[in-house]
Every structure is written in structure tokens, then in C-alpha cells.
Amino acid sequence: MIELYVLLVAMLAAAVVAIEIKDLLAAAVSMGMVGFSVAILFILVQAPDLAIVQIVVEILAVVFFAAVILRTTHDDSTVQLRITSRMILPAVLYGIFVLMFVAVMTSVLRELPVFGSPLMRVAGNYLAVGLNQSGAANLVTAIVLDFRAYDTIGEAVVLFTAVVGVLTIVRQIGRKADAGEEHA
Amino acid sequence: MVPFIACLLLFLLGLYAIVLKRNIIKIIIGFSLMEYAVNLLFAFIGFKQGAIAPIITRLGMTQDFVDPLPQALVLTSIVIGLATTALMLAFAMRIYEKYHTFDITEIRRLRG
């Protein structure tokens with residue numbers, strides 16, 4: 001499983017680049033590298049459905065980022081090396097959160113099943129009766145569309161709401177002209 | 001254990017971007033990173049050493065599958081992540097059109 005660890009390191013490095021680089025387009029591309037690393041990791045942990053969806057979603061996400069950045073500005077003018085007084089309070093709060101997070105996670109990681117041997121208390125039943133009850137050879141599809149179909153309906157509602165929000169915000173007509181004049 | 005810790009590190013990196021970065025695009029990237037971290041953690045929790053993907057290929061034979069439940073939960077979560085990212089990007093674009101900056105400290109005219 002050495003490739004898994006190499007990919008994890010590459011993913012974390014790309015994440016640091018995406019957060020710290022000055023050019024926003026390069027940041028979006030680095031975020032794409034994180035997403036594609038995640039897609040390959042999905043393949044390595046035997047989740048081909050997730051890998052397919054992740055690749056499609058990642059391409060779309062990078063295209064959205066690129067569209068917005070090309071329409072606005074490349075340059076992240078807020079990148080600075082010196083520490084200002086404005087950064088102190090968020091930094092302290094973040095530090096406190098990280099300490100609490102690490103403290104909780106050390107106990108959580110001890111409770112989690114070891115990597116490579118899941119509990120499968122719920123999924124064992126799905127594996128046993130999934131094919132007969134749902135007729136789907138792909139058990140992930142059987143769970144999404146049969147055993148947990150109500151979850152899927154809820155998620156579809158969230159998806160629909162987000163899409164309606166995007167369409168409402170980016171449409172061209174509306175009160176844009178006069179509202180923009182007032183505050184210009 | 002190491003893959004779980006890598007996911008938590010990615011989560012903390014995303015949170016760092018959200019809390020301490022002043023550029024809106026960087027904040028949205030931070031949201032995406034946190035989302036990837038959680039999705040990846042779910043997929044890792046369901047992984048079983050030496051097992052195959054949960055797709056039945058041979059009838060009547062007991063095969064060793066990885067846990068399909070986390071995969072089913074993450075599948076919809078990935079798509080929703082894209083939709084919320086697109087929503088945040090749409091907001092960012094409108095904010096830029098109005099204020100001509102992505103710097104959140106410059107966007108003060110939001111107050112009444």
C-alpha cells in the first residue's frame with residue numbers, strides 16, 4: 001500500500017500550495033490536484049463509483065473556479081508575509097480549536113476500527129440480501145436507490161435548492177443596474 | 001491509522017484557509033478541502049484489506065467486499081459538495097462585480 005501513502009503526501013502538499021499560492025488560477029489548479037488525488041485514492045480503497053463521480057465533479061469544479069477567476073482577477077492581493085494585528089484573534093481561536101480537535105481526535109482514533117478491517121455491522125445485512133431484494137448487482141447503487149432511498153431524496157432536495165440558488169444569483173436580468181449605481 | 005490522520009490534517013488545512021485567509025476564493029477552496037477530507041475519511045473507514053469493490057460479479061459465490069454503506073453516503077455528498085461550491089462561487093462573482101475585490105476586509109459596505 002505504498003502508493004496510498006505517496007498519494008496522501010502529494011494530496012497534502014497540493015492542499016498547502018492551493019491555500020498559500022498568490023495566483024488564484026494556480027490555486028484552483030492545485031485544488032484540482034487534491035481532488036484527483038482523492039479520486040485515485042478512492043480507486044485504491046476499492047470504491048470505483050466514488051472515483052468516477054469524483055473525477056467528473058472535480059473537472060466541473062475546476063472549470064467553475066476558472067470561469068469565475070478569469071472573469072474577475074488572477075491576483076490574490078491579500079497574500080502577505082508580515083503579521084498584522086487583525087490576524088491575531090482568528091489565529092488564536094484557530095490554535096485553540098486545533099488543540100481541542102487534536103485532543104478529541106486522539107480518543108476518537110483509538111475508538112475507530114483499524115484501517116483495513118471495518119465493522120460492517122449494518123452493511124453485512126445489505127451484502128447478504130442486497131442482490132435478492134433490490135436486484136442490483138452493484139451494492140452501492142442498491143443502497144443509494146433502494147435501502148436508503150429517503151436519504152437520496154433529501155440529498156436531491158439539497159442539490160435542487162443549491163442549483164436554484166446558483167441560477168437565481170448568476171442570471172443577468174434583475175435589479176442589477178440601479179442597485180450597482182447606488183453604492184458605486 | 002496513518003490514512004485517518006492524513007484526512008484530519010487535510011481537514012485542519014481547509015479550516016485554516018477558512019479562518020485565516022482574507023481572499024474569498026481561498027476560503028471557498030478551504031471549504032472544498034474540508035469536504036474532500038470528510039469524504040476520504042468515510043471511504044477509508046469502509047476499506048477492508050484484501051477485499052474487492054462491492055459489485056457482485058459471480059452468482060452464488062461468497063465474495064469478500066469492502067463496506068458499501070460509507071460509499072453510498074459519500075456518493076451523494078460529493079455531488080452536493082459541487083453544488084454548494086458553485087453557489088459560493090456565484091456569490092463570490094457577484095461580490096466582485098459590486099466591490100471589485102475579493103478581500104473580505106475591504107467588503108465593509110455590506111452593513112445596512
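Here is the naming used below: chain letters follow the sequence lines, and residue numbers restart at 1 for every chain.
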query = Among B:Leu75, B:Val66, B:Leu69, which residue meets the side chain to side chain contact (heavy atoms under 4.5 Å, CB included) test with A:Val140?
reply = B:Leu75
ask   = In a check of side chain to side chain contact (heavy atoms under 4.5 Å, CB included) between B:Val79 and each of A:Leu60, A:Val53, A:Val56, A:Val158, which one passes?
value = A:Val53
For [X], is it the side chain, the backbone, both or neither that has a heavy atom under 4.5 Å from a heavy atom of chain B?
{"X": "A:Leu112", "value": "side chain"}
{"X": "A:Ala156", "value": "neither"}
{"X": "A:Val122", "value": "side chain"}
{"X": "A:Leu145", "value": "neither"}
{"X": "A:Ile19", "value": "both"}
{"X": "A:Phe65", "value": "both"}
{"X": "A:Leu8", "value": "side chain"}

Taking every heavy-atom pair that is under 4.5 Å apart, which of [options] has the most such pairs with chain A?
{"options": "B:Val2, B:Leu82, B:Thr57", "value": "B:Leu82"}
{"options": "B:Thr85, B:Val74, B:Ile28, B:Leu12", "value": "B:Leu12"}
{"options": "B:Ala43, B:Pro70, B:Gly14", "value": "B:Ala43"}
{"options": "B:Ile52, B:Leu9, B:Asp67", "value": "B:Asp67"}

task = Please name the pair of heavy atoms, one in A:Ala15 and one in B:Leu10, separated by the smallest distance, quoted to 0.1 Å.
result = CB-CD1, 3.5 Å
message = Which heavy atom of B:Ala83 sits nearest to which heavy atom of A:Val166, and what is that distance?
response = O-CG2, 4.3 Å
Per-residue contact mode, [X] against chain A (heavy atom under 4.5 angstrom):
{"X": "B:Leu15", "value": "both"}
{"X": "B:Ala37", "value": "neither"}
{"X": "B:Leu33", "value": "side chain"}
{"X": "B:Tyr96", "value": "side chain"}
{"X": "B:Phe65", "value": "both"}

Between [X] and [Y], is there shared hydrophobic-cluster membership here, with clusters defined by ILVMFWY side-chain heavy atoms closer than 4.5 Å?
{"X": "B:Ile55", "Y": "A:Val129", "value": "no"}
{"X": "A:Leu4", "Y": "A:Leu12", "value": "yes"}
{"X": "B:Ile107", "Y": "B:Leu89", "value": "yes"}
{"X": "B:Leu40", "Y": "A:Ile43", "value": "no"}
{"X": "A:Val6", "Y": "A:Ile40", "value": "no"}

Any side-chain heavy-atom pair from [X] and [Y] closer than 4.5 angstrom?
{"X": "B:Val19", "Y": "A:Leu93", "value": "no"}
{"X": "A:Glu58", "Y": "B:Tyr36", "value": "yes"}
{"X": "A:Phe101", "Y": "B:Leu8", "value": "yes"}
{"X": "A:Leu119", "Y": "B:Ile45", "value": "no"}
{"X": "B:Asn23", "Y": "A:Leu24", "value": "yes"}
{"X": "A:Val38", "Y": "B:Asn39", "value": "no"}
{"X": "A:Thr72", "Y": "B:Glu97", "value": "no"}
{"X": "A:Phe42", "Y": "B:Ile78", "value": "yes"}

request  = Begin with the C-alpha distance, continue with both residues' side-chain angles, and end with the deciding distance and a verdict on side-chain contact (heavy atoms from CB on, under 4.5 Å) for B:Ile29 and A:Val34.
outcome  = CA-CA 11 Å; B:Ile29 287 176; A:Val34 178; over 6 Å; no
Count the heavy-atom pairs under 4.5 Å between each of [options] and chain B, then report the option with the highest count.
{"options": "A:Glu155, A:Met11, A:Arg71", "result": "A:Glu155"}
{"options": "A:Gly165, A:Ala61, A:Ala47", "result": "A:Ala47"}
{"options": "A:Leu159, A:Val163, A:Leu127, A:Leu109", "result": "A:Leu109"}
{"options": "A:Asp49, A:Thr73, A:Ile52", "result": "A:Thr73"}
{"options": "A:Thr152, A:Val144, A:Val57", "result": "A:Val57"}

query = Do the ring planes of A:Phe115 and B:Phe4 sit parallel (below 30°), tilted (30 to 60°) or perpendicular (above 60°)?
reply = perpendicular
Is a side-chain donor or acceptor of [X] paired with a backbone partner of [Y] at a separation under 3.5 angstrom?
{"X": "A:Gln46", "Y": "B:Gln49", "value": "no"}
{"X": "B:Lys26", "Y": "A:Ile21", "value": "yes"}
{"X": "A:Arg148", "Y": "B:Ala72", "value": "no"}
{"X": "B:Tyr16", "Y": "A:Ala91", "value": "no"}
{"X": "B:Lys48", "Y": "A:Ser117", "value": "no"}

ask   = How far apart are the C-alpha atoms of B:Met1 and A:Val114, what are their side-chain angles, what is the distance that settles it, and do they pass the side-chain contact (heavy atoms from CB on, under 4.5 Å) test?
value = CA-CA 7 Å; B:Met1 195 60 85; A:Val114 185; over 6 Å; no
task = Evaluate whether atom OH of A:Tyr94 has more than 12 neighbouring non-hydrogen atoms of other residues, nucleotides or ligands under 6.0 angstrom away.
result = yes
task = Step through the shown structure and confirm whether more than 12 heavy atoms of other residues, nucleotides or ligands are within 6.0 Å of OH on A:Tyr5.
result = yes
key: Hydrophobic cluster of A:Val9, others only, ordered by chain and residue number, side-chain cut-off 4.5 Å   = none
task = For B:Phe11 and A:Met105, run side-chain contact (heavy atoms from CB on, under 4.5 Å): C-alpha distance rounded to whole Å, both residues' side-chain angles, the deciding distance at 0.1 Å, then the answer.
result = CA-CA 12 Å; B:Phe11 185 87; A:Met105 278 306 146; over 6 Å; no
ask   = Roughly how far, to the nearest 0.5 Å, is the CD atom of B:Gln71 from the CG atom of A:Leu50?
value = 5.0 Å
request  = Measure the CD1-CD1 distance between A:Ile69 and B:Ile25 for me, rounded to the nearest 0.5 Å.
outcome  = 5.0 Å
Full working for side-chain contact (heavy atoms from CB on, under 4.5 Å) between B:Thr76 and A:Asp151 = CA-CA 9 Å; B:Thr76 40; A:Asp151 286 3; over 6 Å; no
